[in-house]
Amino acid sequence: MLPGEAPAGRDADSRLFHTYKWQALEATFREVCSRFGVEEIRTPIFEDTALFHRSVGEATDIVAKETYDLEDRGGDSLTLRPEGTAGVMRAIVQHGLAGGQNVLLRLYYLNSHFRYERPQRGRYRQHHQVGVEYVGADDPMADVEVIALGMTYLREVGLDDVRLEINSVGTPTCRPVHREALRDHLRPHLAAMSEDSQRRFETNPLRILDSKDPRDQEFIEGAPAMIDYLDDEAAEHFAKVQAGLANLGIPFVVNRRLVRGLDYYQKTAFEVVHTALGSQNVVLGGGRYDGLLSALGGPAVGGVGFGSGVERALLILEQLERPIGARKLAQVYLVAREAGERATAQRVASELRAAGLRVDYDLQGRSQKAQLRAANNAGCGHVVFVRDDLPAGWVQLKNMADGEQAELAIADLATRLTTVYLSR
RNA sequence: GUGGGUGUAGCUCAGUCGGUUAGAGCGCCAGAUUGUGGCUCUGGAGGCCGAGGGUUCAAGUCCCUUUACCCACCCCA
């Protein structure tokens, strides 16, 4: 790597020129969150490495081979956050935010995440997610609320043709029962299955259900599903979530094989998929993580949340040729040529900008033709000719749409233009 | 981590079998014509051919190394 060259897989540079899309997406997300009474939380970009190992799960692929680990000058091991939930939970525990009884925290974040993996389209070592966490709510209505927020966000950002898939991954009491049933079912066929599945047979057999390896498919077909082993508590919770979604008219399908990549999920798990991206079709995913807060030393309260990839959402919108946001280019361009005219133009620009207008003028000493071209390219509605041969204090105002132009006193310019561009 | 592909102008890309001064389109700049932008025409600027090494009389072109990006897998958002 040359000095000054960007490290691999961040895709930061190519974002430079379409940030208006990011801004529009972010604004939509923040706005939807505010309607749901959700406030922003900002957590550090790195955490103690142990936090992610304890919360995300040792056996998950994220921790096993994808965390971006760094050592600081003191020799401590830090990890750039691979996902959003763990850091939020750590902050809640550390600051006692969920200390009182019946405290409900509704938080959203919008930040960078890092995974040390091979970059590819729509998947970068530094990527961004928006997400929400509802902490302190055991009620299934909270699950429904979180899902509703996510669906609203996707719809308003331009992704309404998506499919919501839900499942229940059980509780710590019923999951082991299913796990053994699953192992009993798979054990006779183990030798014929993929290496990954053989490894997961010991570490995390539930993940085998999620395998896409063709060798595994026939054995997965008849495998016992978690959903058939739910205890009363989990079954009732799952039923209420479904009833709640129906109550809101949110379409969903139960995907019996849906499993999430992180260990901390319990009961509800959900994904929202879009068909435009092939195998990378998940645009939003989340679930309930009731044991997580207490596992990190906090109170035994439940939580539910989701994360959604920003790059992926923008990529789908791009593929579907759905516009999002717009560049805010100049509304008014000041044309000047001689030194005296240019000084006047700079002063007038300053006045018009103070009045709230988006104003531009030439800083490179280019020809009048080039200046007009710039005005045209920016889509300016008006051009102001600053000319020494006019009476002092007067300029020419040209309407670019119809070509009409008239002389006007500089003193009247701001009023005239603000009525065009700022009144509504 | 595995397997492929690609790095040439600001952008998208040509560049034959190794052979003179490395090209096109778009964009940019200047000019012509429009009053003063768009359309058209003329001219111009702009290149460490990703980097390092090697082979050769001669390398954008062949070989090695390296780096970055792309695609797929794994996995995930």
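Bear in mind the structure is a predicted one, so any value in this text is a computation, not a measurement. Numbers restart at 1 for each chain; the letters A, B, ... are given by sequence-line order, proteins then strands.
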Would you say a side-chain N or O of Arg373(A) is under 4.0 Å from OP1 or OP2 of C29(B)? yes
Any stacking of His127(A) on A77(B), going by centres under 5.5 angstrom and planes within less than 30 degrees? yes
U42(B) and G60(B), which share atom name P, separated by this distance in whole Å: 32 Å
Closest nucleotide among G38(B), A77(B), C28(B) to the Val282(A) side chain: A77(B)
When the distance from CD of Glu83(A) to P of A77(B) is rounded to whole Å, what number comes out? 9 Å
Considering only the C1' atoms, how many Å lie between C69(B) and U8(B), rounded to the nearest integer? 15 Å
If pairing means Watson-Crick or G-U wobble with both distances under 3.5 Å, then the partner of U66(B) is G50(B)
Provide, to the nearest angstrom, the distance between the CG atom belonging to Leu372(A) and the P atom belonging to C39(B). 14 Å
Between A22(B) and U16(B), how far apart are the P atoms? Round to whole Å, please. 15 Å
Looking only at atom C1', what distance separates U67(B) and G19(B), rounded to whole Å? 30 Å
Between C26(B) and G38(B), how far apart are the P atoms? Round to whole Å, please. 15 Å
Between the base of A77(B) and the side chain of Arg115(A), is one N or O donor paired with an acceptor at under 3.5 angstrom? yes
Contact list for RNA chain B against residues 145-156 of chain A - heavy-atom distance below 4.0 Å: none
On a whole-Å scale, what distance lies between the P atoms belonging to G46(B) and G7(B)? 25 Å
To the nearest angstrom, the CD1-P distance between Ile316(A) and A77(B) comes to 14 Å
Across all strands, who's sitting opposite U2(B) as a Watson-Crick or G-U wobble pair, both distances under 3.5 Å? A72(B)
Does either side chain, that of His127(A) or that of Gln129(A), offer a donor lying less than 3.5 Å from an acceptor on the other one? yes
Is the Tyr421(A) to His382(A) ring centre distance short of 6.0 Å? yes
With a 3.5 angstrom cut-off on both distances, give the Watson-Crick or G-U wobble partner of U21(B), or none if there isn't one. none
Atom-to-atom span, CZ of Arg125(A) to P of C75(B) - whole angstrom: 18 Å
If you only use heavy atoms from C-beta on, which nucleotide in A77(B), U33(B), A30(B) is closest to the side chain of Lys369(A)? U33(B)
Which part of the nucleic acid does Ala375(A) contact within heavy-atom distance under 4.0 Å: base, sugar-phosphate only, or nothing? nothing
Taking a pair as Watson-Crick or G-U wobble with both distances under 3.5 Å, which nucleotide is matched to U56(B)? none
Partner of U33(B) under the Watson-Crick or G-U wobble criteria, both distances under 3.5 Å, comes out as none
NZ or CZ of Arg30(A) within 45° of Tyr108(A) ring axis and under 6.0 Å: no
Give Tyr333(A) one of three labels, base, sugar-phosphate or nothing, depending on what nucleic acid heavy atoms sit under 4.0 Å from its own. nothing
If I take atom CD in residue Glu133(A) and atom C1' in nucleotide A77(B), what distance separates them, rounded to the nearest angstrom? 14 Å
For Gln371(A), report the nucleic acid contact type (base, sugar-phosphate, nothing); a contact means any heavy atom under 4.0 Å. nothing
Can you identify which nucleotide, out of A32(B), C75(B), A30(B), has its nearest atom closest to the Ser367(A) side chain? A30(B)
Closest to side chain of Asn377(A), choosing from C28(B), A30(B), G38(B): C28(B)
Start at the 5' end of RNA chain B and walk down; is the nucleotide closest to Ala374(A) or to Gly307(A) reached first? Ala374(A)
Taking A24(B) as the reference, what is the distance to G31(B) when you measure between their C1' atoms (whole Å, please)? 23 Å
Classify the nucleic acid contact of Gly403(A) as base, sugar-phosphate or nothing, counting any heavy atom under 4.0 Å across all strands shown. base
For the CG atom of Asp160(A) and the CZ atom of Arg155(A), what is their distance to the nearest 0.5 Å? 8.5 Å
May I have the list of side-chain donor-acceptor pairs in residues 283-290 of chain A shorter than 3.5 Å, sequence neighbours left out?
unit_1, atom_1, unit_2, atom_2, d
Arg288(A), NE, Asp143(A), OD1, 3.2
Arg288(A), NE, Asp143(A), OD2, 3.1
Arg288(A), NE, His237(A), NE2, 3.3
Arg288(A), NH1, Ala137(A), O, 2.9
Arg288(A), NH1, Asp290(A), OD1, 2.7
Arg288(A), NH2, Ala137(A), O, 2.9
Arg288(A), NH2, Asp139(A), O, 3.4
Arg288(A), NH2, Asp143(A), OD1, 2.6
Tyr289(A), OH, Glu133(A), OE1, 2.5
Asp290(A), OD1, Gly303(A), N, 3.3

For Asp412(A), is there an ion pair with Arg416(A) - N to carboxylate O distance below 4.0 angstrom? no
Mind calculating the distance between CD1 (Ile208(A)) and C1' (C74(B)) to the nearest angstrom? 15 Å
Quick check against the 3.5 Å criterion: does Glu40(A) have a side-chain atom that pairs as donor or acceptor with the backbone of Leu107(A)? no
Separation between the C1' atoms of U21(B) and G5(B), rounded to whole Å: 33 Å
Most 5' of Asn376(A) and Tyr116(A) on RNA chain B, judged by nearest nucleotide: Tyr116(A)
Taking the ring centre of each residue, are Tyr333(A) and Tyr361(A) less than 6.0 Å apart? no
Could you tell me which nucleotide pairs with C39(B) by Watson-Crick or G-U wobble geometry, both distances under 3.5 Å, or answer none if nothing does? none
Length of the CG-C1' vector between Leu314(A) and A77(B), whole Å: 12 Å
Mind calculating the distance between CZ (Arg260(A)) and P (C75(B)) to the nearest angstrom? 14 Å
Within this structure, what is the OG-CD1 distance for the pair Ser197(A) and Ile208(A), rounded to the nearest 0.5 Å? 5.0 Å
Salt bridge flag under 4.0 Å for residues Glu47(A) and Arg90(A): yes
